[in-house]
Visitor: 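Supplied in structure tokens, the structure appears directly below.
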Amino acid sequence: MGFRNLRIRSRLITTVSLLVLMAACVFMFLMSAGNIITREQVDALGFPVICIDTEANKAIKSKEKYVKASFSIGGGKNLDCKIRGHGNSTWNNIFTQKKPYLVKLDREESLLGMDKSRKWLLIANAFDRSMLRNAYVEYLSHNVWNSMKWNPQSRFVSLYLNRKFMGLYCLSEKVEISDNRIEFEGEGFLAEVDSHKGRPYSFWSPGVKAQFNIRQPDSLSQEKYESYARIIQDFSASLLKDDFRGRDGWMKFCNVESFVDWYLISEFSKNYDANFFNSVFMNYDYGTKKLSMGPVWDHDIAFGNNQKAASDVLLPVEFNLKAGYDMEANNNSAMDYDGFLINQFSWYRILFTDEEFVSLVKERWAQRRPELEKSIVWLEEQGRLLDDAGELNNRVWHVLGSDLWPRAPGFKSRTTYASEVDFLLEWTRGRMKFLDSMFLDSRQ
């Protein structure tokens, strides 16, 4: 009797399990059916539509190996290309499947009004729920603090990959030495501070807790790499000398305006990576014999989009910007709009002990303050323009209100795209007000 009851219970459990599984399948089907995104909905967003189809629908699994593909914009002619993965954190992070890509066309093309090139990036902005931070910094680098040699442009696009809608992306120019991008009068090189391993030639500089590498040109002799690295190492060493300050010191080796503008963009955005950790670019032109900062790049965890309560090490700035302002007690939290971050680290910590450099920073802030105010208006307008695209992107990737890194404060309550834009705007206005109190009120 007990055995018979056991069999009946077993059948009942099996039947219930099957019913639950069937109900789950029906629910998933209904949910997916409700989330089907039509081409009409994508076209209605008003952004250019990029379609990429890989050969035999092959998946893109590598940052090193290209996959053959065709590429078209807005239903135009198909262009032959190769495509591979791109990036570091976004490509390798297991918490998002929205990945960035590098497209290499078979010939140079001008895309969406940008200068001709073969290499183009499709930036995912996967960790920025507003998807606006990189675009905003691009705007700042072209319209507000614009004295760097070159900064990339980009355009928002809707991306289809192997006929599957992948959400909102940015088609962007690639940071590289080439015609129409970083160009030199003669010989020159592009270097970067980057904590990632595997770069062609990496090195450390005196007094700087950061790993540099020579990005381009590549495939050089060891002797050539060392000669390029020596320029950066000699500059770092010069900052440690007692007489490094002013026009007769470090400034004679640099494009000073680029050092000022790169700093202001990075400090205004309070970009954690820009504290000489990752994606800090600089270039050297042998024609002018000047080291320049830039281009600016990778600000997806800037403007408060960071869960870090403070940086790992606080290095107080010696020169006080404002009487009574305690730099040692300064709030260097990456997620808060007050306090300093970039001038607490590396070269800029030292440069802020040079009163002449600090004066240039203050003057440039005051000079470009009207354009900065206009940039906030631009940011607000872009947020409204992207609202439908942001919601549609969320239907693909489910990022709004989710636990997706970097989990900026209050992320769970921001369940609409507009709420993420409002968060960005509030933070940016607060940041501008704080830096006004430092750079305007403290001017002599």
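All values below come from the heavy atoms of this structure, side chains included, with hydrogens, waters and symmetry mates left out.
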Visitor: What closest approach, in Å, do W91 and S62 show between heavy atoms, and which atom pair accounts for it?
Guide: CZ2-N, 3.7 Å
Visitor: Kindly check if the number of other-residue, nucleotide or ligand heavy atoms within 6.0 Å of CD (E223) is above 12?
Guide: no
Visitor: Tell me yes or no: between the side chains of E138 and S154, is some donor less than 3.5 Å from an acceptor?
Guide: yes
Visitor: Inspect the contact between E356 and R247 and indicate whether a charged nitrogen and a carboxylate oxygen are less than 4.0 angstrom apart.
Guide: yes
Visitor: Search all heavy atoms of A229 against all heavy atoms of Y201 and return the closest pair with its distance.
Guide: CB-CE2, 3.7 Å
Visitor: If the threshold is 4.0 Å, N to carboxylate O, is there a salt bridge linking D285 and K289?
Guide: no
Visitor: State whether K433 and D338 are salt-bridged, where the test is any N-O pair (Lys NZ or Arg NE/NH1/NH2 against Asp/Glu carboxylate O) under 4.0 Å.
Guide: no
Visitor: Taking everything shown except D248 itself, do over 12 heavy atoms lie less than 6.0 Å from its CG?
Guide: no
Visitor: If I take atom CG from residue N283 and atom CD1 from residue I177, how far apart are they, to the nearest 0.5 angstrom?
Guide: 7.5 Å
Visitor: Hey, can you tell me if H299 and F303 have their rings parallel, tilted or perpendicular (30° and 60° cut-offs)?
Guide: tilted
Visitor: Begin from the C-alpha positions of F340 and F434 and carry the test ring pair (Phe, Tyr, Trp, His ring centres under 6.0 Å) through to its verdict.
Guide: CA-CA 10 Å; F340 287 99; F434 169 77; 5.4 Å; yes
Visitor: Within the 4.5 Å heavy-atom criterion, are F156 and L45 side-chain neighbours or not?
Guide: no
Visitor: For N125 and D300, which I'm curious about, is there any donor-acceptor pair between the side chains at under 3.5 Å?
Guide: no
Visitor: Could you tell me whether the side chains of R364 and Q367 share a donor-acceptor contact shorter than 3.5 Å?
Guide: yes
Visitor: Could you check whether any side-chain heavy atom of Q382 comes within less than 4.5 Å of a side-chain heavy atom of Y139, counting everything from C-beta outward?
Guide: no
Visitor: Determine whether L240 and I350 satisfy the following criterion, side chain to side chain contact (heavy atoms under 4.5 Å, CB included), listing intermediate values before the conclusion.
Guide: CA-CA 8 Å; L240 302 178; I350 300 171; 4.1 Å; yes
Visitor: Return the NZ to NE2 distance between K63 and H86, rounded to the nearest 0.5 Å.
Guide: 8.0 Å
Visitor: Is the shortest side-chain N to carboxylate O distance from R369 to E373 below 4.0 Å?
Guide: yes
Visitor: Within 45 degrees of the ring normal and closer than 6.0 Å to the centroid, is that where the cationic atom of R181 sits relative to W120?
Guide: yes
Visitor: Do P48 and L112 come close enough that some side-chain heavy atom pair is under 4.5 Å?
Guide: yes
Visitor: Ignoring hydrogens and angles, state whether a donor on the side chain of S266 or N271 is under 3.5 Å from an acceptor on the partner side chain.
Guide: no
Visitor: Y263 and ring pair (Phe, Tyr, Trp, His ring centres under 6.0 Å): which single residue from W365, F276, F352, W145 fits?
Guide: F352
Visitor: If I compare all heavy atoms of L404 with all of A126, which pair ends up nearest, and what's the gap?
Guide: CD2-O, 3.2 Å
Visitor: Quick check: does any side chain N or O of K290 sit under 3.5 Å from a backbone N or O of K252, one acting as donor and the other as acceptor?
Guide: yes
Visitor: Run the numbers on F71 and D53 for side chain to side chain contact (heavy atoms under 4.5 Å, CB included), then give the verdict.
Guide: CA-CA 7 Å; F71 175 99; D53 295 299; over 6 Å; no
Visitor: Could you go through the side chain to side chain contact (heavy atoms under 4.5 Å, CB included) check for L102 and I83 one step at a time?
Guide: CA-CA 6 Å; L102 188 154; I83 184 170; over 6 Å; no
Visitor: Heavy atoms only: give me the nearest V144-E371 pair and the separation to one decimal.
Guide: CG2-O, 3.8 Å
Visitor: Can you find a heavy atom in the side chain of L121 that is under 4.5 Å from one in the side chain of Y101?
Guide: no
Visitor: Classify the ring geometry of W250 against F235: parallel below 30°, tilted from 30° to 60°, perpendicular beyond 60°.
Guide: perpendicular
Visitor: Enter the distance from K119:NZ to C81:SG here, rounded to the nearest 0.5 Å.
Guide: 14.0 Å
Visitor: For D194, does its backbone N or O pair with a side-chain atom of Q211 as donor and acceptor, under 3.5 Å?
Guide: yes
Visitor: Would you find a donor on one side and an acceptor on the other, under 3.5 Å apart, between the side chain of D261 and the backbone of S258?
Guide: no
Visitor: Give the intermediate values and the outcome of side chain to side chain contact (heavy atoms under 4.5 Å, CB included) for residues Y417 and V421.
Guide: CA-CA 7 Å; Y417 178 77; V421 174; 3.4 Å; yes
Visitor: side-chain hydrogen bond (donor to acceptor under 3.5 Å, both in side chains), that's the test. Do N393 and K98 meet it? Break it down for me.
Guide: CA-CA 10 Å; N393 183 82; K98 189 183 184 188; 2.9 Å; yes
Visitor: Does a side-chain N-to-carboxylate-O contact under 4.0 Å join R133 and D128?
Guide: yes
Visitor: Quick one: do D298 and S279 satisfy side-chain hydrogen bond (donor to acceptor under 3.5 Å, both in side chains)? Show the steps, please.
Guide: CA-CA 6 Å; D298 197 8; S279 301; 3.1 Å; yes
Visitor: Using only atom types and a distance under 3.5 Å, with no angle test, would you say the side chain of E173 pairs donor to acceptor with the backbone of Q153?
Guide: yes
Visitor: Measure the spacing between CG of D106 and OG of S70 and express it to the nearest 0.5 Å.
Guide: 11.0 Å
Visitor: Between S375 and Y136, do the side chains contain a donor N or O and an acceptor N or O under 3.5 Å apart?
Guide: yes
Visitor: Could you tell me whether a side-chain N or O of R395 sits under 3.5 Å from a main-chain N or O of I36, the two making a donor and an acceptor?
Guide: yes
Visitor: Under a 4.5 Å cut-off applied to non-hydrogen side-chain atoms, are F439 and L264 in contact?
Guide: yes
Visitor: Tell me, which pairs form a side-chain hydrogen bond (donor to acceptor under 3.5 Å, both in side chains) where one or both residues lie in residues 157-172, sequence neighbours left out?
Guide: T54-N162
Visitor: Is the side chain of N151 donor-acceptor paired with the backbone N or O of V296 at a distance under 3.5 Å, no angle test?
Guide: yes
Visitor: Using the six-membered ring of Y337, assess whether NZ or CZ of R431 lies under 6.0 Å from its centre and within 45 degrees of the ring axis.
Guide: no
Visitor: For a quick test of reading the model, state the closest non-hydrogen atom pair linking L400 to T416 and the distance between them.
Guide: CD1-C, 3.6 Å
Visitor: Got more than 12 heavy atoms from elsewhere within 6.0 Å of CD, E426?
Guide: no
Visitor: Drop me the distance from E380's CD to L424's CG, to the nearest 0.5 angstrom.
Guide: 11.0 Å
Visitor: I want to check something: taking the side chain as every heavy atom from C-beta on, are L392 and F165 in contact at a cut-off of under 4.5 Å?
Guide: yes
Visitor: Regarding R414 and E420, does a basic nitrogen lie under 4.0 Å from an acidic carboxylate oxygen?
Guide: yes
Visitor: Regarding E187 and K224, does a basic nitrogen lie under 4.0 Å from an acidic carboxylate oxygen?
Guide: yes
Visitor: Would you name the heavy atoms of R129 and S402 that are closest together and state the gap between them?
Guide: NH2-O, 3.0 Å
Visitor: Among W347, Y348, F281, find the residue that satisfies the ring pair (Phe, Tyr, Trp, His ring centres under 6.0 Å) test when tested with W262.
Guide: Y348
Visitor: Given side chains that start at C-beta, do those of N278 and V193 come closer than 4.5 Å, heavy atoms only?
Guide: no
Visitor: What residue among Y284, Y225, F277, F203 forms ring pair (Phe, Tyr, Trp, His ring centres under 6.0 Å) with F212?
Guide: F203
Visitor: Got a second to check how far E363's CD is from R368's CZ, nearest 0.5 Å?
Guide: 14.0 Å
Visitor: Do V280 and M282 have side chains that approach each other closer than 4.5 Å (heavy atoms only, starting at C-beta)?
Guide: yes
